[in-house]
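Because the structure is predicted, anything quoted here is derived from the model rather than measured. In what follows, chains are A, B, ... by sequence order, proteins preceding strands, each numbered from 1. In what follows, every heavy atom counts, from backbone to side chain, and hydrogens, waters and symmetry copies are set aside.
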Number of protein chains: 4
Amino acid sequence: MAKKRGQKYDQIIEAAVKVIAENGYHNSQVSKIAKEAGVADGTIYLYFTNKEAILISLFEEKMGKFVQHSKEQLDIETSVENKLLRLISLHLEQLEADYNLAIVTQLELRQSNIALRNRINEILKGYLGLIDSIIIEGVEEGFFSDGLDIRIARQVIFGAIDEVVTNWVMKDHRYELTPLAEPLNQMLLNGLKKH
Amino acid sequence: MAKKRGQKYDQIIEAAVKVIAENGYHNSQVSKIAKEAGVADGTIYLYFTNKEAILISLFEEKMGKFVQHSKEQLDIETSVENKLLRLISLHLEQLEADYNLAIVTQLELRQSNIALRNRINEILKGYLGLIDSIIIEGVEEGFFSDGLDIRIARQVIFGAIDEVVTNWVMKDHRYELTPLAEPLNQMLLNGLKKH
Amino acid sequence: MAKKRGQKYDQIIEAAVKVIAENGYHNSQVSKIAKEAGVADGTIYLYFTNKEAILISLFEEKMGKFVQHSKEQLDIETSVENKLLRLISLHLEQLEADYNLAIVTQLELRQSNIALRNRINEILKGYLGLIDSIIIEGVEEGFFSDGLDIRIARQVIFGAIDEVVTNWVMKDHRYELTPLAEPLNQMLLNGLKKH
Amino acid sequence: MAKKRGQKYDQIIEAAVKVIAENGYHNSQVSKIAKEAGVADGTIYLYFTNKEAILISLFEEKMGKFVQHSKEQLDIETSVENKLLRLISLHLEQLEADYNLAIVTQLELRQSNIALRNRINEILKGYLGLIDSIIIEGVEEGFFSDGLDIRIARQVIFGAIDEVVTNWVMKDHRYELTPLAEPLNQMLLNGLKKH
DNA sequence: TATGAATGAGGCTTCATTCAT
DNA sequence: AATGAATGAAGCCTCATTCAT
């Protein structure tokens with residue numbers, strides 16, 4: 001059971017994003033998602049083993065595409081500086097372009113239980129790997145400090161970007177997000193650079 | 001209704017931290033907290049209007065004391081550099097010293113609904129004010145960049161520290177947290193400094 | 001939500017009458033009604049929005065059928081005297097034939113709160129309309145007093161019948177109820193007649 | 001325990017009438033009555049064995065005084081006709097003069113459970129005895145029909161008056177009640193009279 | 001494949017009553 | 001006599017999941 005892919009599979013995921021963004025995680029019943037997707041409640045279970053699986057797949061799909069796309073874009077950039085800026089920009093652009101998705105990833109998905117959080121962290125690793133590769137490249141090039149602790153650097157970068165996006169969401173996206181990429185990049189680059 | 005203070009008030013808060021840390025927010029029934037606190041279920045409601053109020057008060061109490069204590073410690077430090085280091089150290093020390101509290105603040109509290117998240121953010125403002133005062137002092141002293149965007153700087157600092165702590169918690173505090181204050185401080189200071 | 005009709009809808013209503021009559025309104029848990037009806041607790045809520053709605057629907061169904069049936073029977077009678085006797089007889093017969101229902105309507109339903117009482121009164125209006133039509137016919141025919149206050153007359157008729165039934169129920173239906181129709185009718189008719 | 005009489009005893013009863021009339025039976029907690037009476041919750045239990053006892057005593061006190069007063073007034077009247085009119089008038093006057101009490105006796109007290117209803121019926125017997133004595137006197141005088149069924153006659157009289165009062169209460173006492181005594185008396189007298 | 005009616009476990013909260021002071 | 005803090009039992013309702021069609 002629980003096939004992957006298919007037209008309804010996508011319908012359900014898109015419905016989940018919309019319903020969760022509009023109603024909040026704890027008020028997004030399976031029946032509500034099914035209705036939004038235009039399928040019967042039971043049909044959900046032909047595509048997903050349980051409710052949690054919808055969330056995991058949702059994040060997997062969105063994050064997978066984003067990481068794939070980001071990878072390609074980063075390959076185009078040549079300098080470490082530009083790569084970090086590009087990464088931050090892509091991150092902010094994607095979420096600014098899809099506010100519903102931003103609500104879900106920054107607020108609602110975090111209301112899930114620890115088990116689900118762990119699964120989400122697993123998926124997140126792909127993205128964190130991108131950050132790591134930039135850091136490592138920077139260190140190898142001698143652009144970043146020698147003794148840089150990669151793990152801390154990664155957490156600083158991700159934590160900073162994530163916090164910036166979360167604040168934007170919680171402030172009801174009343175200001176533009178992408179312009180923040182530049183100053184954010186400056187701070188992070190300076191923080192990592194060899195001086 | 002819902003008195004503040006009193007021996008039982010404290011008992012219930014401490015019990016809530018322990019029970020939530022051990023069982024997770026969604027598996028922490030009021031009856032479980034009451035039992036741990038050594039009071040009757042109904043007694044909880046003499047001190048808190050509802051279950052959510054326990055969480056809010058819990059965070060209020062802990063954060064209030066922490067901010068107060070931090071303020072005093074920061075006043076002792078004279079340079080901006082040392083103030084930021086001190087802030088980070090205090091943050092990491094407090095949570096390393098109370099792993100249960102760390103679980104609750106980093107993981108469980110975030111599983112609450114948006115309304116509660118907003119209340120938590122209100123309480124958090126006291127702490128963010130401390131960060132702001134350090135940033136402003138640094139800018140005024142000419143130690144930090146002139147055009148520094150305080151809001152972004154605050155989000156970078158808080159986001160970075162928060163992410164470092166969350167990773168430590170999710171990795172089951174298998175490594176020491178406080179030693180990370182020094183490199184974390186270096187990165188953040190460099191990120192903000194005038195070069 | 002809350003579909004009307006269906007086999008289970010009827011099952012639940014019948015179960016409610018039985019359970020409430022046997023246990024009393026305040027000791028008739030939803031789970032008890034569900035068990036008696038042979039359905040799951042949750043099924044109740046597919047047919048009724050909440051516990052109160054069971055009571056309202058119960059009264060609506062029983063009263064609706066009774067009023068409909070009474071209307072048809074009254075149309076057969078030609079004189080006002082016989083119409084009133086017929087109405088009283090039908091009233092007593094119905095409740096004597098279903099003691100459980102009598103307990104519920106005379107005793108248990110009145111334990112509900114004012115809001116529910118108002119809903120019940122709304123439903124009751126159909127029946128009171130029958131009484132009114134008899135009174136009006138009697139006045140127009142010159143059989144009843146000219147200056148008869150219809151509202152008071154209606155209250156006297158309903159109050160008298162209702163009290164007679166309630167006494168019968170509270171006396172554990174130890175005597176026959178229908179034989180009381182004749183003397184009751186005599187008193188009421190005399191009370192209203194032009195002399 | 002549970003003394004009868006005393007200043008606080010009366011305070012509590014008066015408080016109960018007010019609180020129940022204003023909040024409804026099911027929303028009249030002991031603590032609310034205690035507050036209104038200006039005593040501690042526990043003090044209630046020095047005067048009444050339990051919450052039900054407050055209601056019983058309340059009805060006992062009010063009804064006792066009313067029956068006593070009515071008896072005296074009825075003795076003044078000489079004819080059966082005037083006695084019945086007097087009884088009805090006193091009934092309507094008392095409740096019109098104390099709307100809170102009317103709410104409690106006509107609506108709220110009936111929301112109590114069957115056991116309490118039985119106790120209330122016991123107390124009511126004193127009043128029903130007054131009605132009976134009038135009926136018997138009427139029969140003996142030859143003013144009422146010979147074959148009059150006293151029980152039914154009593155139920156008709158009480159049921160009619162009670163229904164009239166209840167309607168007045170449920171219509172928020174928007175009209176005057178006492179003027180209804182005269183037509184009500186006419187109907188009831190005619191209903192019972194020998195023709 | 002798809003449906004949707006049916007299931008039933010699980011928990012927050014209220015409030016009458018007690019009893020140490 | 002009086003207090004009021006503390007007790008703890010008890011129930012309505014939701015919603016993820018199943019399964020007969």
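Straight-line distance from the CG atom of C:Asn23 to the P atom of F:dA10: 15 Å, rounded to whole Å. Atom CD1 of A:Ile12 is separated from atom P of E:dT1 by 12 Å (rounded to the nearest Å). Between the C1' atom of E:dA6 and the CD atom of C:Gln11 lies a distance of 12 Å, rounded to the nearest Å. Computed from coordinates, the D:Lys35 NZ to F:dG4 P distance equals 11 Å when rounded to whole Å. Regarding C:Ile33, its CD1 atom lies at a distance of 12 Å from the P atom of F:dG11, rounded to whole Å. Rounding to whole angstrom units, CG of residue C:Leu46 and P of E:dT7 are separated by 8 Å. For B:Tyr25 and E:dG11, the OH to P distance is 13 Å, given to the nearest whole Å. One can place NZ of C:Lys32 at 18 Å from C1' of E:dG8, the figure rounded to the nearest angstrom.
Listed nucleotides: F:dA6, F:dA1, E:dT7. Nearest to the side chain of B:Lys8: F:dA6.
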Footprint string (nucleotides 12-21 of chain E, 5' to 3'): B base within contact, S backbone only, - free, heavy atoms under 4.0 Å:
SBBSSBB---
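Side-chain atoms of B:Asn113 and B:Glu52 include a donor-acceptor pair closer than 3.5 Å.
Aromatic ring orientation, C:Tyr47 versus C:Tyr9: tilted (interplanar angle from 30° to 60°).
No side-chain heavy atom of C:Phe59 sits under 4.5 Å from any side-chain heavy atom of C:Leu116.
For F:dA20, the paired nucleotide is E:dT3, the pair qualifying as Watson-Crick or G-U wobble because both relevant distances are below 3.5 Å.
Within the cation-pi definition used here (under 6.0 Å to the ring centroid, within 45° of the axis), A:Lys62 does not qualify as a partner of A:Tyr127.
Salt bridge absent: B:Glu122 and B:Arg119 never bring a charged side-chain N and a carboxylate O closer than 4.0 Å. A salt bridge is absent between A:Lys32 and A:Glu22; no separation between the charged side-chain nitrogens and carboxylate oxygens falls under 4.0 Å.
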